[in-house]
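Before any comments, here is the structure.
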Amino acid sequence: MAFFSVLLLLLSVVQRGSSQNPDEDSLAVPRGCGWGLVRPYTLLCDLDSVWGVAVESAAAGGALAAILLGLIILCRLHHVSEAEKRSGVGPILLLLLGILGLFGLSFAYLIERDEQLCLLRRALWGLLFALCFSCLLVQGVRLRRLGRERRSPGGCALTGLALGLSAVQGIIAAEWLLLTVLREGRAACQYLPLDFSLACSYVLALLLAALGAASFALCGKTRQWRCNAIWLLSACLLSLLLWVAWVGFYLYGNAWLGRSPDWDDPALAIALVAQGWLLLLFHAVPEAHSCLRSPPQPSAPDYFDTSQAPSRMRETSFDEDIPLSHRQFPENQGYGFDENTAGLRSAGNHNGNTAPRPSAPFRSNVYQPTEMTMILNGGAVPSAPPTYTGRQLW
């Protein structure tokens, strides 16, 4: 990208602000740094500054978790056959890349300031956050489309949209650096906290847009994707609360506590690590689980369960499928009664006597075809099968 070329040009133009001659303070090794680490890397092992060790451990663990999750997604990608699920793999991998960048950038706040390091901090801060929040936004658009139309844009289109939205913040950061460092001649480490916060206003706009997209995704017709929308909405809400907390503390909390220059770097480093873990736990892991989960297998019908009829039997009626010309015997019982009556009348006329109506065992010996048998026979009355010996013998 053009932004990275401009950043490399700035890094080559601006000279290193740190002195090359170590003094007595730089030769002093803090407690816990027994591995040969000297300034400016002493915060990585200084036990007197516990926040540096805690941030380092949390960032290293988060980076390892993001790498493992990305490898799992890539290894099991061929098992994802549904197009709706494959469309979300690209934004997830791009989000994991942004999360990995957040954890890596937090190590830059554990090193003492110099010009090149301050340039790196100011350039990558907004860009990495914009990349992560753009992925959240395109995931909200994807879930909205799945909830309404049951189809989603392609994964390449969503990934390209996220990259395009994050490139805007890269241009903003590059222009800010060009105006403050090269044009005005300021030192890269000398900037106002308010200017730093205003330079990230586009990132906050992306977060609010992602929050709105996640809210609209909950209103879809399909209930299958509502769980994903709930996780996305939770991640956006927690990210918004985190941004309100660190911006308020960075602008007003340090000045109110009288720790304005000393606690700036710890506040920004903790915000980076907290945001990375929040996105990893509340969006990346649930979304990856949803994409990699195998579809539910259709259960085999239980033919011995007579509590409910099959779906076809419940939804349709056989009378609707039979033509009007074939509806000659609507009721099996009525047909059996007419047949018995006709047999008795013929028997009475043949024998010349009027016998009383036969009992139930005699009627059970008469062959009474079912409606399905007449349908299969083309509407004609079938004759009794040769093996028919009476219903009481079945």
Side-chain angles (χ1 to χ4, degrees), residues 43-45 49-74 88-111 120-121 124-140 162 166 169 197 200 203-204 206-208 210-211 214 227-250 253 263-292:
L43 280 177
L44 297 174
C45 55
S49 301
V50 186
W51 72 269
V53 180
V55 169
E56 175 191 2
S57 303
L64 181 61
I67 293 174
L68 290 178
L69 183 59
L71 292 177
I72 291 173
I73 294 175
L74 291 176
V89 175
I92 293 176
L93 294 177
L94 191 62
L95 176 64
L96 290 176
L97 184 61
I99 292 173
L100 188 61
L102 291 179
F103 288 132
L105 185 61
S106 64
F107 285 93
Y109 290 88
L110 302 179
I111 303 174
L120 186 66
R121 292 178 182 180
L124 294 183
W125 175 276
L127 181 61
L128 291 174
F129 275 107
L131 182 63
C132 295
F133 294 155
S134 298
C135 294
L136 296 182
L137 177 58
V138 298
Q139 287 283 11
S166 59
Q169 177 61 32
S197 301
C200 300
V203 178
L204 187 60
L206 286 178
L207 179 57
L208 293 177
L211 181 63
C227 182
N228 302 62
I230 290 174
W231 280 110
L232 179 61
L233 183 62
S234 302
C236 293
L237 283 175
L238 292 177
S239 299
L240 183 60
L241 293 177
L242 178 62
W243 265 67
V244 171
W246 81 259
V247 169
F249 184 80
Y250 185 65
W263 283 10
D264 289 347
D265 290 348
L268 297 178
I270 293 173
L272 284 169
V273 175
Q275 183 67 72
W277 273 107
L278 191 150
L279 294 176
L280 186 64
L281 294 178
F282 286 89
H283 181 69
V285 173
E287 193 67 27
H289 177 265
S290 176
C291 290
L292 299 179

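Scanning both residues, Leu105 and Leu120, for their nearest heavy atoms gives CD1-O, 4.3 Å. Contact record, Phe103 with Ala63: CD1-N, 3.5 Å, taken as the closest heavy-atom pair. Among all heavy-atom pairs drawn from Ala269 and Tyr109, the shortest one is CB-CB, 3.8 Å. In this structure, Leu272 and Trp125 approach most closely via the heavy-atom pair CG-CZ3, 3.3 Å. When every heavy atom of Gly62 is checked against every heavy atom of Leu280, the shortest pair comes out as O-CD2, 4.1 Å. Annotation for Ala162 and Val138: closest pair N-CG1, 3.9 Å, computed over non-hydrogen atoms.
The side-chain heavy atoms of Leu127 and Val203, taken from C-beta on, include no pair separated by under 4.5 Å. Residues Leu110 and Trp51 have side chains in contact (heavy-atom distance under 4.5 Å, counting atoms from C-beta outward). Side-chain contact between Ile73 and Cys291: absent, with no pair of heavy atoms (C-beta onward) separated by less than 4.5 Å. Annotation: side chain of Ile92 is in contact with side chain of Gln139 (closest heavy-atom distance under 4.5 Å).
The line from CG of Leu240 to CG of Leu207 is 5.5 Å long, rounded to the nearest 0.5 Å. The distance from the CG atom of Leu96 to the CD atom of Glu287 is 11.0 Å, given to the nearest 0.5 Å. For the atom pair CG of Leu232 and SG of Cys227, the computed distance is 11.5 Å after rounding to the nearest 0.5 Å. A distance of 8.0 Å separates CD1 of Ile111 from CZ of Arg121, quoted to the nearest 0.5 Å. Between atom CG of residue Leu238 and atom CH2 of residue Trp243 there is a gap of 15.5 Å, rounded to the nearest 0.5 Å. Rounded to the nearest 0.5 Å, atoms CD1 (Ile67) and CD1 (Ile72) are 12.0 Å apart.
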Worked check of side-chain contact (heavy atoms from CB on, under 4.5 Å) between Phe107 and Glu56: CA-CA 7 Å; Phe107 285 93; Glu56 175 191 2; 3.6 Å; yes

Please walk me through it: do Gln275 and Cys132 pass side-chain contact (heavy atoms from CB on, under 4.5 Å)? CA-CA 10 Å; Gln275 183 67 72; Cys132 295; over 6 Å; no

Apply side-chain contact (heavy atoms from CB on, under 4.5 Å) to Leu279 and Leu136, showing your working. CA-CA 9 Å; Leu279 294 176; Leu136 296 182; 3.8 Å; yes

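Side-chain N or O atoms of Trp277 include one that pairs as donor or acceptor with a backbone N or O of Ala58 at under 3.5 Å. Checked by atom type and distance alone, the side chain of Ser290 never pairs as donor or acceptor with a backbone atom of Pro286 at under 3.5 Å.
Between Phe129 and Phe133, the ring planes lie tilted relative to each other; the angle falls in the 30° to 60° range. Ring geometry for Trp263 against Phe249 counts as parallel: the plane angle stays under 30°, on a 0 to 90° scale with 60° as the upper cut.
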